[in-house]
Amino acid sequence: MRVIVATGLNDRDAEYKNMGDVAMLQVAVARLLKLWPDARIEVLTDSPAGLARYCPGAIPLSRIGCRSWVDDRIVLGRLHEFLPAGISNALSRLKRSVRLRWPALLRFVLERRLGLRDGGGRRGSLRTFLESLRTADVLVVSGSGGFADSCRAWNLFILNAMETALYQNIPVVMFGQGMGPLSDADVLVRARKVLPQVTLITLRGSRGGASLLETLGVSPAKVLTTGDEATELAYAAARAPGTEIGVNLRVAAYSPVSGDAVAMVGRILREFARQQGVSLLPVPIAFHDCANDRETIQQMLPESDQASDGADSLDSPAMLIEQVAGCRIVVTGAYHAAVFALGQGIPVVCLANSEYYVAKFQGLADLYETGCTTIQLDQPDAGERLAHALGRTWNAADTLRAPLLLSAARQVNQSREAYQKIRELLDGPAMGIQKEAHLVY
């Protein structure tokens, strides 16, 4: 069995710097290897060293080669910036058509262009990717929250990659996806063409995801809501509840939290921790240029108010889950800090300032039914609501633990069953016939 895994990242500078994405990839690779112990699991990546650290059972496959093949603007490159939009779009459509219908012609053009530009490095990556694609049995898109308006570049990249595989009769499956809010016209057009052909899509629970897929023409029979893959790692680590308060706040272009809001949250948390006589534990999920939770936590909580080293050493899902285990409650603006907590039976107060994050946190609330409260920071009474939610959640933490753990266990089982279902589908006779129909470059 040969499997290509695409992750929820298309930015080389951010790769393996979001522990939620890393956790989902770790679970996906482990489950695939459990399904097919002798499988060759190739993960699209810009950092072979990062992949080796977090997923030693996987084989790196250069994302550069994949980008070269599926990027609509690779042939003309930056010349697209100087063309009228209509002409640029028409040329992009032409490139997609050539990729699908005359792949040998496109390969000939790309190899010569790439060879002239960088002496053969990217050309070699292209050849390696095409060979892996030629022999692949399935393309797996691992968990992500990418199908949203904040992720346009990744949306177009992954849709083109999936379309390429599907056109060669390579089945595509998508696990642990977050869907929406999505209104980008170009992405919606591409999604309506590609997503209905996917074998199975599992959702991690973002509210509105299933209805969005239905409007895109995806059969409800192909869609399952299973929760987030990372829940398995958190649930396996559950232990006796801690006593501290976990803290995170996400500030990014897709989560526009103001400096005043950061200060307000920090002030309320410090006062509440003082009243309870407990410590504040940083729980950073992302630490890259687009979203650096460590820096935000440091702005919100001076080091004297933190019970650790400012989170500099928390650079793996296992270490973050261990940090969360010491908490009675977690207050977070990052989705996966909430996943790591709820999966261990620890209730959360979620902080949102965008439609994107409200949908994420409401989806978690739907899955767990209790123990997950969302505060919208753009509301005039946000501070009052936060203070009230902290007290209510703190007092109810002991009684919430059991139902949260039951919900987490149910999600882990549902997610595992979805992977097993994929094995049954891929090992079936119809798929066996399709596997013989790959195009030759």
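Because the structure is predicted, anything quoted here is derived from the model rather than measured. Values below: every heavy atom of this structure, side chains too, minus hydrogens, waters and symmetry copies.
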Working for side chain to side chain donor-acceptor pair (under 3.5 Å), residues Glu369 and Ser407
CA-CA 8 Å; Glu369 299 180 351; Ser407 295; 5.6 Å; no
Side-chain donor/acceptor pairs under 3.5 Å, residues 326-334, sequence neighbours excluded:
| from | atom 1 | to | atom 2 | distance (Å) |
| --- | --- | --- | --- | --- |
| Arg328 | NE | Trp394 | O | 3.0 |
| Arg328 | NH1 | Asp398 | OD1 | 3.2 |
| Arg328 | NH2 | Trp394 | O | 2.9 |
| Thr332 | OG1 | Ala334 | N | 2.8 |
| Thr332 | OG1 | Ala334 | O | 2.8 |

Worksheet item: Is any side-chain heavy atom of Glu163 closer than 4.5 Å to a side-chain heavy atom of Arg190?
Response: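 Counting from C-beta outward, Glu163 and Arg190 do come under 4.5 Å.
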Side-chain heavy atoms of Val198 within contact of Val218, under 4.5 Å:
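Not touching, per the 4.5 Å side-chain cut-off.
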How close do [X] and [Y] get, counting heavy atoms only, and between which atoms?
X	Y	answer
Ile170	Ala136	CG1-O, 4.0 Å
Leu44	Glu15	O-OE2, 4.0 Å
Gly383	Met264	CA-SD, 3.7 Å
Tyr16	Ser47	CE1-O, 3.5 Å
Asn248	Ala337	CB-CB, 4.4 Å
Ala210	Leu203	N-CD1, 3.5 Å

Quiz prompt | Distance-only side-chain donor-acceptor flag, Thr7 / Arg63, under 3.5 Å | solution =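 Yes, because at least one side-chain N or O of Thr7 sits under 3.5 Å from a partner of the opposite role on Arg63.
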Assess, by modelled atom type and distance only, whether the side chains of His336 and Asn18 contain a donor and an acceptor separated by less than 3.5 Å.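 His336 vs Asn18: no donor-acceptor pair found between side chains.
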Rounded at 0.5 Å granularity, tell me how far [atom1] in [X] sits from [atom2] in [Y].
X	Y	atom1	atom2	value
Lys222	Leu200	NZ	CG	9.5 Å
Leu377	Leu351	CG	CG	5.0 Å
Thr225	Leu367	OG1	CG	7.0 Å
Phe147	Leu188	CZ	CG	10.5 Å
Leu314	Glu322	CG	CD	10.0 Å
Leu156	Cys151	CG	SG	11.0 Å

Q: May I have the step-by-step check of side chain to side chain donor-acceptor pair (under 3.5 Å) for Ser144 and Gln177, ending in yes or no?
A: CA-CA 5 Å; Ser144 73; Gln177 297 298 307; 3.2 Å; yes
Open item on the list: Set out, in order, the CA-CA distance, both residues' side-chain angles and the distance that settles salt bridge (charged side-chain N to carboxylate O under 4.0 Å, His left out) for Lys421 and Glu424, then state yes or no.
Closed with: CA-CA 5 Å; Lys421 181 175 182 178; Glu424 295 167 0; over 6 Å; no
* Between Thr374 and Tyr357, does a side chain to side chain donor-acceptor pair (under 3.5 Å) hold up when you go through it step by step? -> CA-CA 10 Å; Thr374 299; Tyr357 265 94; over 6 Å; no
Considering residues, nucleotides and ligands other than Glu384, do more than 12 of their heavy atoms fall under 6.0 Å from its CD?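 Not buried by this count: 12 neighbours or fewer within 6.0 Å.
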Between [Y] and [X], does any NZ, NE, NH1 or NH2 come within less than 4.0 Å of an OD or OE carboxylate oxygen?
X	Y	answer
Glu271	Arg274	yes
Asp71	Arg67	no
Lys17	Asp289	no

* **Thr135 vs Arg2, side chain to side chain donor-acceptor pair (under 3.5 Å): CA-CA, chis, key distance, verdict** => CA-CA 7 Å; Thr135 59; Arg2 298 178 68 107; 2.9 Å; yes
Show the atom names and distances, to 0.1 Å, of all donor-acceptor pairs under 3.5 Å that link a side chain in residues 23-37 to residues at least two apart or in another chain.
| from | atom 1 | to | atom 2 | distance (Å) |
| --- | --- | --- | --- | --- |
| Gln26 | NE2 | Tyr54 | O | 3.1 |
| Arg31 | NE | Glu232 | OE1 | 3.1 |
| Arg31 | NH1 | Ser415 | OG | 2.5 |
| Arg31 | NH2 | Glu232 | OE1 | 2.4 |

